[in-house]
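Scroll down for the structure; my scribbles are underneath it.
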2 protein chains.
Amino acid sequence: MSTGIDLAVSTVIFALRPDADGRLVLSIPLVRRTRAPQEGHWALPGGSADARESLAETAARKLAETTGLSAAYLEQLYCFGDPERSPSGRVVSVVYWALVRGEEAELVTDENVAWFAADELPRLAFDHNLIVDYALWRLRTKLEYAAIAHAFLGPTFTLAELRQVHEIVLQRELDPANFRRQIEASRAVVPTGEHVTGGRHRPPRLYRYDASVELVDNGPLTSAGVR
Amino acid sequence: MSTGIDLAVSTVIFALRPDADGRLVLSIPLVRRTRAPQEGHWALPGGSADARESLAETAARKLAETTGLSAAYLEQLYCFGDPERSPSGRVVSVVYWALVRGEEAELVTDENVAWFAADELPRLAFDHNLIVDYALWRLRTKLEYAAIAHAFLGPTFTLAELRQVHEIVLQRELDPANFRRQIEASRAVVPTGEHVTGGRHRPPRLYRYDASVELVDNGPLTSAGVR
DNA sequence: CCTGTAAAGGTCATTCTGACCTGAACGTCA
DNA sequence: TGACGTTCAGGTCAGAATGACCTTTACAGG
């Protein structure tokens, strides 16, 4: 029994990358379509669902195959199924969103992959502009109540680095003292005891993410590991 | 190009129904499966996706066909795609959750449909217990920050009725005075000017939902009306 | 007309939040 | 070598939000 519907999996990938002036910018890698429909347009990385994998596994694999990246955070965003969203027939896309670390982001070499500032996107293929807008909304909303900002950073980081992640994503400055108080109250990070030396000012503490603090709502908890 | 994956649409439907003692209970209608796989087990209402409809339209139609109900609130919950979730082959289910009014809930007559208390479900078909648990978590979480409780009620209601909805869903008592303050501050409801007469006590005001207060996150906003 | 109960509106202590201040600890430069 | 600029780390303080609780109002029923 076939329904005549193609099932695809795509991912909105976020990373913080330096722009021409060296300032970190919230960025998204896009893939140039090399065949119809919408040939030549930029689109989200993705592809057809695979019958042998879970949807999250497919998202992670496609993400790695097309961009060479691996995600520090991966969560299902939404399932898009408007009948008119693709001119070539009915396509239902299960869309994930992912966060990757800054160092990872520089490993992309494929000439058909390019990074764009999240708030300066061109006209994308299909309904992908709508999808990115929704993913951006989710990222910004979730950053305010869930400990996910560390996924942009390495295993250890200073509170100033973590605060900078929040400031770039939320597009507003945050009071350093109040940010410290809020983060410490959340118990999401723990000090390693080490400090960053060699800086021009008082050496800041290094922190790491406390994995014992479970994430709020990364989808339903299944018995198997990867969702 | 077929992926060998069946795409289904199911819905977790919530309503408040009186139990044997007349107390309102958060309840879910389930459908008894009349064919393999899992014949005889109770399952969520749903069916195969239709290539001509949006996913939300399919959810609303299946909801009406199998239970006779119409939803006052409908939102996509999650897309479930574990390879092992159905013994008969790969099925990906786009699951919605819906709220229906109490009066609506009494119109169900199909002998293969039965209501169950949300926290006393039997062993369901497939992974539907997991799905209902997740839907319950979403309903309870969302009730605390979004104005959706009115969807269980008629067009007008008293604050005591609205508070009772919150108390039943959240399974704890709420202070009437603080609840009033919180609801009034949210601007989600407006007094109609009318009062309920004939009661034993001081006549309460009637309120109606203020539709000008937009919902937070009922999925991405598309240009077309129904999602 | 008195009583019980819920509606409506209020107070008060506690907690949370944003704005701001002070001392500590560097590197840098005169 | 010592003053200076900057950031780190830890604090204060006022206003907003929250939970517990109190008072008055307004009805039905005995």
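To find a chain, count down the sequence lines: A is the first, B the second, and so on, and within it residues start at 1.
Nucleotide D:dT18 holds its P atom 12 Å from the CD1 atom of B:Ile183, rounded to whole Å. Across the protein-nucleic acid pair, A:Glu173 atom CD and C:dG18 atom P stand 15 Å apart, rounded to whole Å. Atom-to-atom, OH of A:Tyr207 to P of D:dC8 comes out at 11 Å; the value is rounded to the nearest Å. A:Gln164 has its CD atom 12 Å from the P atom of D:dT7, to the nearest Å. B:Leu174 places its CG atom 15 Å from the P atom of D:dC21, with the value rounded to the nearest Å. For the pair A:His195 NE2 and C:dG27 P, the computed distance is 14 Å after rounding to whole Å. Following rounding to the nearest Å, B:Phe179 (CZ) and D:dT18 (P) show an atom-to-atom distance of 13 Å. Distance, B:Gln182 CD to C:dG10 P: 18 Å, rounded to whole Å.
Taking 3.5 Å as the limit, the base of D:dT25 and the side chain of B:Arg202 contain a donor-acceptor pair of atoms between them. No hydrogens or angles were tested; on distance alone, a donor-acceptor pair under 3.5 Å links the side chain of A:His201 to the base of D:dT6.
When each of A:Asp175 and A:Arg200 is assigned the nucleotide of DNA chain C bearing its nearest heavy atom, the one mapping closer to the 5' terminus is A:Asp175. The nearest heavy atom of DNA chain D to A:Asn178 and to A:Pro204 marks one nucleotide each, and the one closer to the 5' end goes with A:Pro204. Mapping A:Arg172 and B:Leu159 onto DNA chain C by nearest heavy atom places B:Leu159 closer to the 5' end of the strand.
For C:dA8, the OP1/OP2 oxygens have a side-chain nitrogen or oxygen of B:Arg180 closer than 4.0 Å. Under 4.0 angstrom from either OP1 or OP2 of D:dC8 there lies at least one side-chain N or O belonging to A:Arg163.
In the set C:dT11, D:dC27, C:dA8, the nucleotide with an atom closest to the side chain of B:Arg181 is C:dT11.
Looking at A:Ser27, its side chain does come within 3.5 Å of a backbone N or O of A:Val25 through a donor-acceptor pair. Here the side chain of B:Thr192 pairs a donor or acceptor atom with the backbone of B:Glu194 at under 3.5 angstrom. Judged by distance alone, with hydrogens and angles left aside, the side-chain atoms of A:Glu75 form no donor-acceptor pair with the main-chain N or O of A:Ala98 at under 3.5 Å.
Across all strands, A:Ala177 comes closer than 4.0 Å to base atoms (heavy-atom distances).
Centroid-to-centroid, the aromatic rings of A:Tyr134 and A:Trp97 stay 6.0 Å apart or farther.
We find the CG-CD distance between B:Leu170 and B:Glu144 to be 5.0 Å, quoted to the nearest 0.5 Å.
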